[in-house]
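Chain letters run A, B, ... following the sequence lines, proteins first and then strands; every chain starts at 1. These numbers come from a predicted model, not from an experiment.
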Amino acid sequence: MKKDFYIYNTASRTKEPFAPLHDTVGMYCCGPTVYNFAHIGNLRTYIFEDVLRRTLLSLGYTLKHIVNITDVGHLVSDADTGEDKMEKGAKREGKSVWDIAACYTQKFMENIRDLNIQNPDLFPRATDHIPQMIAMVQELERKGVTYRTGDGIYFDTAKFTAYPDFARLDPASIRAGERVDMGDKRSPTDFALWKFSPPGVKRQMEWESPWGAGFPGWHIECSAMALAYLPQPIEIHCGGTDHIRVHHTNEIAQAEGATGKPFVRYWLHGEFLVIDKGKMAKSGGNFVTLDSLKSRRIPPLAYRLFCFSAHYRSPLAFSWEGLAGAAQSLVNLRRDLVAGAKAPSEPADPGNAENLLKDFYAAVCDDLNMPQAMAALWDIVRNEKISPAERRAAAARADDILGLDLLQVPEEEPAESFAGEKDAAIRLTSGRPLTDAQKREIVEKVRQRQRARAVKDWGAADRFRTELTQLGATVKDRPDGTAEVAIQ
RNA sequence: GGCGGCAUAGCCAAGCGGUAAGGCAGAGGUCUGCAAAACCUUUAUGCUCCAGUUCAAAUCUGGAUGCCGCCUCCA
């Protein structure tokens, strides 16, 4: 059943009802540049796009979803002086650019999997589509909207009168040379379609073209690959908010300049994850990766849930405290659902789940308002008037969109067995590496405390607890007499 | 300089004209030798400030202050 689905279209700057023209909805999302780890800020956008994808599927649409992998180098600056990011990464790690791309593509795929982000239908790589890019540049040449400088073929934005519309630019106020190095460009908004390899320099990544050896410009890959796989106009195109002004504006110029037809119908942009009031950035040195979360024992899905605490078009303030809160929240959510499962209950009625989720779907369909959707879910999960089976059935349906593995039975922390000690009465988990001596000290104190408890010597037991606390070990007694020891 | 956005409890935040969602944290209680867990109860007379419109404003208008993003590869 298709509900009314409203999404905010950057092109119109308004919320619009989603009404696709094609039976299969084409969706193109700008993917990662694989020269370094993705940080969790990058990942926020892919989570937003995944929720969009899951919502469309859940509403009954058929999708063709494309996420590109940018594995070709982009220069660091607009002038010819900058280093290529891929080549820079290669130099940093002493590998070839191809190895770098393969390595970080792999890392990206792991992140995606950890976050329950569903795979799109296709992950096209830029380096596999050089011919399509060259063809598009040639078409733009035929249309007479390009010119040649000493270092490349450029798009002449003056020839594309709609250029300022998308980002609502005021052409008169873009002042030449203010922040961009003009090089030989005629206008600050002009951009490279094809760059020539510098004379005498053999780049690791370069291709033959009608204009000689070189490499594609920074925006052509998305226009070329999107149109290679999706019918025009493409229904949905997503990316980060930073792409509006330059990347997507240029994509539109290229695609519409080459084809003379509208490029995309709905543009959606995700806001940034902010940290210490500024955006998380690879260059800022303030970035956090999914691996660093995992090493702190925070499950990736806790981060996914954390992302649902703010609307995708609002900045979300990152903090470890907030993330720990999300982790706790996920544990609570699953626990409450499991608790329901233990109670005797009648089989759930799927039709009723749909009914229970009315508010949930209403929030999701209102431009993916996930904070409100989560509130609606909590109302179900903690509503004792609803039978546990019905709650679980509703949660399972909601999870098609949330992707939080809500019905997963909470697992015990795997107990770390420690060198030389096999004591079934003690389960030790540690958040940091410990020497054998340290382990032995802690284990010995736990044992002494257990002995004291056995003879009801509460005073001694409490003293050992205090000592263990000083060593960073928190002890939890379990009903079966075993002790759970967590070391921070 | 241009364009865009934000300011709501300890933290993350929703709400966008009808009398403050939700999560986390905190507090009190029940229970347990203590602790943990669990369960129950509770937590903003107020939404940066100042004017204004309105029967009614966190929500609209004008102004002030503070903060952020894009304009350069960037989610």
Side-chain angles (χ1 to χ4, degrees), chain A residues 10 13 29-33 35-36 38-49 70 73-79 82-86 88 164 167-175 178-181 188-189 218 238-247 249 269-274 277-284 305-330 332-333 335 339 359 363 369-379 382 453 456-459 461-462 465-466 469 474-479 483-484 486:
Chain A
T10 303
R13 310 284 166 109
C29 301
C30 287
T33 303
Y35 69 96
N36 203 337
H39 62 245
I40 59 175
N42 299 316
L43 264 14
R44 182 187 182 199
T45 297
Y46 304 120
I47 290 170
F48 138 62
E49 291 161 353
T70 299
H74 288 167
L75 294 183
V76 171
S77 81
D78 203 13
E83 268 186 297
D84 179 302
K85 280 194 161 182
M86 296 293 301
K88 193 176 169 187
R168 317 238 158 151
L169 305 177
D170 177 4
S173 64
I174 298 172
R175 296 213 284 262
E178 181 134 314
R179 290 199 64 190
V180 292
D181 187 338
T189 52
W218 319 303
C238 311
T241 181
D242 55 326
H243 280 152
I244 297 170
R245 174 53 258 275
V246 176
H247 184 56
T249 289
H269 293 93
E271 255 296 342
F272 285 137
L273 181 72
V274 300
K277 291 211 158 187
K279 75 171 190 175
M280 186 174 285
K282 288 174 189 171
S283 56
L305 177 58
F306 178 74
C307 288
F308 296 162
S309 66
H311 190 270
Y312 78 88
R313 284 191 290 116
S314 300
L316 171 59
F318 174 82
S319 69
W320 290 103
E321 183 194 2
L323 191 60
Q328 185 59 50
S329 186
L330 183 60
N332 292 349
L333 204 44
R335 187 233 306 128
D359 289 347
N369 190 331
M370 301 316 286
Q372 213 152 62
M374 287 310 300
L377 182 67
W378 279 105
D379 277 350
R382 291 187 168 168
R453 291 185 73 223
K456 297 197 191 305
D457 183 354
W458 308 126
D462 287 347
R465 177 187 288 288
T466 306
T469 303
T474 309
V475 183
K476 295 181 192 175
D477 299 313
R478 304 206 301 183
E484 240 178 89

> Which residues pass the ring pair (Phe, Tyr, Trp, His ring centres under 6.0 Å) test with A/Y46, sequence neighbours left out?
Replying inline: A/F108
>> Taking side chain to side chain contact (heavy atoms under 4.5 Å, CB included) as the definition, give me every residue that meets it alongside A/D457, ordered by chain and number, with sequence neighbours left out.
In response: A/A452, A/V455, A/A460
> Quick one: CD1 on A/I244 to OG1 on A/T10, what's the gap to the nearest 0.5 Å?
Replying inline: 4.5 Å
> Between A/G239 and A/V246, which is nearer to the 5' end of RNA chain B once each is assigned its nearest nucleotide?
Replying inline: A/V246
> For A/N42 and B/rG69, what is the distance between atoms CG and C1' respectively, to the nearest whole Å?
Replying inline: 15 Å
>> Suppose you measure atom P in B/rU41 against the same atom in B/rG22; what distance do you get, rounded to whole Å?
In response: 13 Å
>> Just N and O in the side chain of A/R335: are any of them under 4.0 Å from OP1 or OP2 of B/rC39?
In response: yes
> At their closest point, which heavy atom of A/L316 faces which heavy atom of A/A310, and how far apart are they?
Replying inline: CD1-CB, 3.7 Å
> Residues two or more places apart in sequence or in another chain: which of them pass ring pair (Phe, Tyr, Trp, His ring centres under 6.0 Å) with A/F48?
Replying inline: A/Y312
> Whole Å only: how far is the NE2 atom of A/H243 from the P atom of B/rA75?
Replying inline: 6 Å
> Between B/rC11 and B/rU43, how far is it from one C1' atom to the other, in whole Å?
Replying inline: 14 Å
> Which part of the nucleic acid does A/W458 contact within heavy-atom distance under 4.0 Å: base, sugar-phosphate only, or nothing?
Replying inline: base
>> For the P atoms, the ones on B/rA44 and on B/rC39, what distance do you get once it is rounded to whole angstrom?
In response: 23 Å
>> Rounding to an integer number of Å, can you tell me how far A/K279 NZ sits from B/rC74 C1'?
In response: 5 Å
> Taking only side-chain nitrogens and oxygens of A/N332, does any of them come within less than 4.0 Å of OP1 or OP2 of B/rC24?
Replying inline: yes
> Rounded to whole angstroms, how far apart are CG on A/D462 and C1' on B/rA36?
Replying inline: 13 Å
>> Give me the atom names and distance for the closest heavy-atom approach of A/H311 to A/R44.
In response: O-NH2, 3.0 Å
> Considering only the C1' atoms, how many Å lie between B/rU42 and B/rG10, rounded to the nearest integer?
Replying inline: 16 Å
>> Could you report the tightest heavy-atom contact between A/P371 and A/S309, atom names first, then the distance?
In response: CG-O, 3.6 Å
>> Could you tell me how far B/rC16 sits from B/rA21 if I compare only their P atoms? Round to whole Å.
In response: 13 Å
> Out of B/rG23, B/rC74, B/rA35, which nucleotide sits closest to the side chain of A/K476?
Replying inline: B/rA35
>> Give me the stems containing RNA chain B, sorted by first residue, counting only three or more consecutive Watson-Crick or G-U pairs with both distances under 3.5 Å; say none if there aren't any.
In response: B:1-7 with B:65-71, B:10-12 with B:22-24, B:26-30 with B:38-42, B:48-52 with B:60-64
>> Measuring only the C1' atom in each nucleotide, how far is B/rG15 from B/rA9? A whole number of Å is fine.
In response: 15 Å
> Should A/R453 and A/D477 count as an ion pair when the cut-off is N to O under 4.0 Å?
Replying inline: yes
> Just how far, in rounded Å, is P of B/rG22 from CD of A/Q328?
Replying inline: 18 Å
> If you measure from the P atom in B/rG46 to the same atom in B/rG4, how many Å do you get, rounded?
Replying inline: 35 Å
>> Tell me the closest heavy-atom pair linking A/C307 and A/I47, and the distance in Å.
In response: SG-CD1, 3.8 Å
> Who passes side chain to side chain contact (heavy atoms under 4.5 Å, CB included) against A/R382, sequence neighbours left out?
Replying inline: A/N332, A/D336, A/W378
>> Rounded to whole Å, how long is the line connecting atom CH2 of A/W218 with atom C1' of B/rA75?
In response: 20 Å
> Between A/H247 and A/H243, what is the ring plane arrangement, given parallel below 30°, perpendicular above 60°, and tilted in between?
Replying inline: tilted
> Rounded to whole angstroms, how far apart are CD1 on A/I244 and P on B/rC74?
Replying inline: 14 Å
>> Return a single string for nucleotides 4-14 of chain B, one symbol per nucleotide in 5' to 3' order, where B is base contact, S is sugar-phosphate-only contact and - is none, cutoff 4.0 angstrom on heavy atoms.
In response: S------SSSS
> Over how many whole Å does the gap from A/M374 atom CE to B/rC24 atom P extend?
Replying inline: 10 Å
>> Quick check on RNA chain B: between A/D477 and A/T45, whose nearest nucleotide comes earlier from the 5' end?
In response: A/D477
>> Under 4.0 Å, counting only non-hydrogen atoms across every strand here, what does A/G41 touch: a base, just sugar-phosphate, or nothing?
In response: base
>> Checking contacts here: which listed nucleotide (B/rA75, B/rC24, B/rG69) is nearest the side-chain heavy atoms of A/L273?
In response: B/rA75
> Base, sugar-phosphate, or nothing for A/F48, non-hydrogen atoms under 4.0 angstrom?
Replying inline: nothing
> For atom P, what is the distance between B/rU54 and B/rC3, given to the nearest Å?
Replying inline: 32 Å
